[in-house]
Amino acid sequence: MAVVTDNTQRPDSGPNSAPELPTQYAPAEVEGPLYERWVERGYFEADAKSDKPPYTIVIPPPNVTGSLHLGHAFEHTLIDALVRRKRMQGFEALWQPGMDHAGIATQNVVERELAKEGKSRHDLGREAFVERVWQWKAESGGQIAGQMRRLGNGVAWSRDRFTMDEGLSRAVQTVFKKMFDDGLIYRAERIINWCPRCLTAISDIEVDYQDDDGELVSMTYGEGEDTIVVATTRAETMLGDTAVAVHPDDERYAHLIGKQIKLPLTDRTIPVVADTHVDPEFGTGAVKVTPAHDPNDFAIGQRHNLESIEVLDERGIITVHGPFLGLDRFEARSAIVAALRADGRIVAEKRPYVHSVGHCSRCKTTLEPRLSMQWWVKVETLAKAAGDAVRDGRVDIHPADMSQRYFDWVDNLNDWCISRQLWWGHRIPVWHGPDGELVCVGPDEEPPTGEGWTQDTDVLDTWFSSGLWPFSTLGWPEQTPDLEKFYPNSVLVTGYDLMFFWVARMMMFGLYAMDGQQPFHTIAFHGMVRDEFGKKMSKSFGNTVNPLDWMDKYGSDALRFTLARGANPGVDVPIGEDWVQASRNFANKIWNATRFALMNGATVEGDLPPVEQLSATDRWILSRLNKTVAEADALYDDYQFAKLADALYHFAWDEVFDWYVELSKTTFFEGGEQAKVSARVLGEVLDVTLRLLHPIVPFVTDTLWTTLTGRESVVIADWPKDSGFRDDVAEQEIELVQRVVTEVRRFRSDQGLQPGQKVPARLNLDGTALAPHEAAIRQLLRLQPEGEGFSATASLPVAGAEVALDLSGTIDVAAERKRLAKDLAAAEKEKAQAEGKLGNEAFLAKAPDNVVDKIRTRLAKAEEDIVRLQNQISSLPTG
RNA sequence: GGGCGCAUAGCUCAGCGGUAGAGCGCUGCUCUUACAAAGCAGAUGUCGGCGGUUCAAAUCCGUCUGUGCCCACCA
């Protein structure tokens, strides 16, 4: 298929035509086949037996719940860039791919699919339902893999893993058994966060707290003189109250402590207990206690030996016999308030009350605290180790200020509820005996047989298996060569939103299961992708973007470059379509610059010419090139993708594609030896620039690099090295050229000269470093030889040189006067500022020499400019 | 209630002690033989307010205002 899109605009007919590249880059036709070629050639595979040093990044496994969003594209761009560079640097680089079964999330998605068919998972039964989820996984997984290929991700596909595959399930079982045997996993009945829709327990961090509008109801408990007023937002729980608690020092209620009072709407009486948990300043200072439906109340119940009465079932339906039986919790709430009011128990009308309510992070349903028997991980020692590994520097957190949040978390951790009443996930490998015995079964062990033994029906929290990801993907629990080579992982790249769910768990599991070996050396946190106004992307707000749309429209490179360009460490990255378009323009610019280079014989063959043969322009760009290599290395090593992308963008576009190419055109057009030298230099500069850019924009760079060099692929090329070449003299010289050119261009523009209009000019560059650049300056400024009858209409002294132009007397004096007056004002302001500083004794005494020198230089230049400008103004024709 | 962060050009953001920057957008002129997805030139800011430290503050400190995020067992 031709790469040509529109080649009609400017037909190539001249001697310099380079028919192999069209004038526009068409990513859509290049990227797909190129990616498949990379994969076929095995570039992304990693060999445990290699002598090269390892570099490992495991993919944060995407959930198999659907397709990837921009956040994934962002994360993948960063990881791919890191891995590609390390591969070029000679590391045995492994980007470990895979996906997460995402227990509750995936189960919900498939249940929703079933609901469309009018079925529930219970209609299918556990086995058939799980089979159905596997089907979903196959589809969703394929879609995700397709998107990753589209994005250009250099992952080792042969190693693709899934958290529910056989090997990883084995890892899960092995760790569970070890922890069970070590007493780190136990079973206990506690108040947990229960989702009445998902019908499962969830862990503390799966709770989303939102400020909800509720109503605070105050009601009287007790009879006669023994009454007490309590307040609640969850009136329905009063059916399960087994006490009222007051503060022990609260004199208002001292006479009631120990007494039994009547619980309204029931035939029960409940005690008044004294507990320091109660804040006497809050509300009435008296709290109704419902041990079965509130964690605080449960704790009070434990301290006072209170009964726990469950009043709601797993769906949030009242189970207490009486008028409220069978009501949903919210119906029951109003019904009970109404009944209490009828009974004269409501002392203050209910009032609006905004309070924080827990919601299921998966389905948004209001959670119900519920007393329940669950499996727990005892985190104390694990969390301590996870904190210490960062504290003692074995694991680095980037950016560093993220570590505070990490410590706050691991140092204040409650035990982790790991059991879920779901069907999709790793079944808990514990068998219950007829007399309540518990037997944990390891991977190669036979479960107990005989009458009454059954396996636990719960599955594990999905984060249990993802917590093992850094080593389970490498073959653990087998001591594989892969494990030996690629563990610990080099870097973990992930969003700060996964710090607790995933990162902290990997730290705990890694240190525990791998004998104290941390899972990775460095954690690099990135931010969240936001829309172009910095707003969070959400489906309900309608500002989400399918990365495929933008990739189809502008190319994967454009999307990747845009994402990299916004990636400041740990900071959210906004992205808009305009920005992707701008990146597409950059890719096209690289394309056309390379096209120009090829037309003019740019080559990478042979050694670079010796310095003596190089022009100042060549030496300047090579000096800048090597500085850029050094800068890029430092930025890559520091995960500063935004600055990296920006530095490369400006070096490539401004310095190479604008100035160097333009300054070299006369050389190229004239041909000869110097053209050959510059062609080799341009080849070098492009070669290195393309290699520097490759990790971020892999497709366009590989396409161009192979065309330029004739070599196999930039994917396996060596990473550029700073040769150490620097030439400050040449840099200053070119800076001077740039000043002259810019100044004269400004004059031309102010005078309304059309850019292409040729103007006869006399250049007096004697005594300046500009002399060798006369031809280039003339080319850039469209200046003709002076010819016969030259008559200077305007004379521009700048940087010690003088450019005289013959405008046939048509100079716009007013415009020129305005321009010069403006410059003069600026110079005078500059002079005044500098003089002010230099006249300040304290400044001279305390400021460092280099700063004082700088100011002196500024003053000198300002004074020089003032004289020059005044002369220019006075020499303007009057009238 | 605790903790963290942010307020810089119209928008999104860099800069974090020594002359205010980038991208996009905006204005003007151009198809000047790589590229109009381009080139050239230009305009735009009391760097949130108020104090302080310093020879010097967008940059450090205090404070106020606005705003975002995380954590917490607010009946």
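Model, not experiment: these values are computed from the prediction. What's counted below: heavy atoms across the whole structure, side chains too, no hydrogens, waters or symmetry copies.
- The side chain of A/R565 approaches B/A22 more closely than any other nucleotide in the set B/C71, B/U30, B/A22.
- Out of B/A75, B/C13, B/A34, the shortest distance to the side chain of A/A593 is found at B/A34.
- Among the heavy atoms of the strands, none lies under 4.0 Å from A/Q757.
- Using a 4.0 Å heavy-atom criterion, one finds that A/R584 contacts the bases of the nucleic acid, with or without backbone contacts as well.
- Across the P atoms, B/C29 and B/A34 are found 25 Å apart, a figure rounded to whole Å.
- The base of B/A41 is not paired with the side chain of A/R746 by any donor and acceptor separated by under 3.5 Å.
- The side chain of A/P755 sits closest to B/G39 out of B/G18, B/G39, B/U19.
- With C1' as the reference atom, B/U8 and B/G23 are 15 Å apart, rounded to whole Å.
- For B/A43, one of the phosphate oxygens OP1 or OP2 lies less than 4.0 angstrom from a side-chain nitrogen or oxygen of A/K822.
- For A/F500, whose side chain is taken as the heavy atoms from C-beta onward, the closest listed nucleotide among B/C70, B/C40, B/U19 is B/C70.
- Between A/K831 and A/E828 there is no salt bridge, since no side-chain nitrogen of the basic residue lies less than 4.0 Å from a carboxylate oxygen of the acidic one.
- As judged by a 4.0 angstrom heavy-atom cut-off over every strand, A/A845 is placed among residues making no nucleic acid contact.
- In this structure, A/Q754 does not reach the B/C29 phosphate: none of its side-chain N or O atoms is under 4.0 Å from OP1 or OP2.
- When the nearest nucleotides of RNA chain B are assigned to A/Q404 and A/D654 by heavy-atom distance, the more 5′-ward of the two goes with A/Q404.
- Computed from coordinates, the A/D572 CG to B/C69 P distance equals 10 Å when rounded to whole Å.
- Contact between the side-chain N/O atoms of A/N585 and the OP1/OP2 oxygens of B/A38 is found at a separation under 4.0 Å.
- Using a cut-off of 4.0 Å between Lys/Arg side-chain N and Asp/Glu carboxylate O, A/E577 and A/K553 are scored as salt-bridged.
- For the pair A/E841 and A/K846, the salt-bridge criterion is not met [side-chain N within less than 4.0 Å of a carboxylate O].
- Note on A/N568: only backbone sugar-phosphate atoms sit closer than 4.0 angstrom, heavy atoms only; bases stay farther off.
- Note on A/D279: a base of the nucleic acid sits closer than 4.0 angstrom, heavy atoms only.
- Residue A/G285 is classed as a base contact, given a heavy-atom separation below 4.0 Å to a base.
- Looking at heavy-atom distances under 4.0 Å, A/T742 makes contact with sugar-phosphate atoms alone, never a base.
- Ring geometry, A/F586 versus A/F561: the interplanar angle falls from 30° to 60°, so the pair is classed tilted.
- The gap from the C1' atom of B/A58 to that of B/G49 amounts to 14 Å, rounded to the nearest Å.
- Comparing B/A34, B/U19, B/C55 by their closest approach to the side chain of A/F669 singles out B/A34.
- Residue A/P574 is in sugar-phosphate contact alone, with no base atom involved, counting any heavy-atom pair closer than 4.0 Å across all strands shown.
- A/V289 comes within 4.0 angstrom of no nucleic acid atom, judged by non-hydrogen atoms across all strands.
- Distance noted for atom P between B/A7 and B/G15: 10 Å (whole Å).
- Looking at the side chain of A/A842, the nearest of the listed nucleotides B/C55, B/C11, B/A75 is B/C55.
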*Pair pattern of RNA chain B in dot-bracket, where unpaired bases get dots and | marks partners in another strand, Watson-Crick or G-U under 3.5 angstrom*: ((((((((.[[[[.)..(..]]]].(((((.......))))).....[[[[[..)....]]]]])))))))....
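- In this structure, A/F657 atom CZ and B/C40 atom C1' are separated by 19 Å, rounded to whole Å.
- When the shell of 6.0 Å around NZ of A/K854 is examined, it contains 12 or fewer heavy atoms from other residues, nucleotides or ligands.
- Between A/K665 and B/A34, a side-chain N or O to OP1/OP2 separation shorter than 4.0 Å is present.
- Taking every side-chain heavy atom of A/K846 into account, B/U54 is the closest of B/U54, B/C35, B/A34.
- Distance CD (A/Q640) to P (B/G15): 8 Å, rounded to an integer number of Å.
- Using a 4.0 Å cut-off between charged side-chain N and carboxylate O, A/K818 and A/D823 make no salt bridge.
- Salt bridge annotation for A/D294-A/R234: present, with a cationic side-chain nitrogen under 4.0 angstrom from a carboxylate oxygen.
- A sub-4.0 Å separation between OP1 or OP2 of B/U19 and a side-chain N or O of A/K861 is absent.
- Rounding to whole angstrom units, CG of residue A/N850 and C1' of B/A56 are separated by 13 Å.
- Side-chain proximity of A/N588 to the nucleotides B/A34, B/C55, B/C35 is greatest for B/C35.
- Judged purely by distance below 3.5 Å, without hydrogens or angles, the side chains of A/Y554 and A/N585 never pair a donor atom with an acceptor atom.
- One interatomic measurement links the two molecules: CZ of A/F533 to C1' of B/U12, which rounds to 10 Å at whole-angstrom precision.
- For A/H650 and B/G21, the shortest distance from a side-chain N or O to OP1 or OP2 is not below 4.0 Å.
- The distance from atom CG of A/D408 to atom P of B/C69 is 19 Å, rounded to the nearest whole Å.
- A/D658 places its CG atom 10 Å from the C1' atom of B/A38, with the value rounded to the nearest Å.
- Remark: the A/T667 side chain and the A/K665 side chain contain no N/O donor-acceptor pair separated by less than 3.5 Å.
- Base engagement by A/V661 is indicated by at least one non-hydrogen atom pair under 4.0 Å involving a base atom.
- A donor-acceptor contact under 3.5 Å is not formed by the side chain of A/Q581 with the base of B/A37.
- Looking at heavy-atom distances under 4.0 Å, A/E662 makes contact with a base.
- For A/D294 and A/S749, each mapped to the nucleotide of RNA chain B holding its nearest heavy atom, the one lying further toward the 5' end belongs to A/S749.
- We find that CH2 of A/W579 is positioned 19 Å from C1' of B/A37, with the value rounded to whole Å.
- For A/W653, taking side-chain heavy atoms from C-beta onward, the closest of the listed nucleotides B/C13, B/G18, B/G39 is B/G39.
- Across all strands shown, A/K643 has heavy atoms under 4.0 Å from sugar-phosphate atoms exclusively, and none from any base.
- Judged purely by distance below 3.5 Å, without hydrogens or angles, the side chains of A/H355 and A/D213 never pair a donor atom with an acceptor atom.
- In the set B/C55, B/G23, B/A75, B/G23 carries the atom at the smallest distance from any side-chain atom of A/Y649.
- Between A/E743 and A/R819, at least one side-chain nitrogen of the basic residue sits less than 4.0 Å from a carboxylate oxygen of the acidic one, meeting the salt-bridge criterion.
- Rounded to whole Å, the C1' atom of B/C61 lies 28 Å from the corresponding atom of B/A9.
- A 4.5 Å side-chain heavy-atom check between A/T23 and A/R595 finds at least one atom pair inside the cut-off.
- Close to B/G39, at under 4.0 Å from its OP1 or OP2, lies a side-chain N or O of A/K589.
- Look at the P atom in both B/C26 and B/U32: the space between them is 23 Å, to the nearest Å.
- OP1 and OP2 of B/C40 both lie 4.0 Å or more from every side-chain N or O belonging to A/W659.
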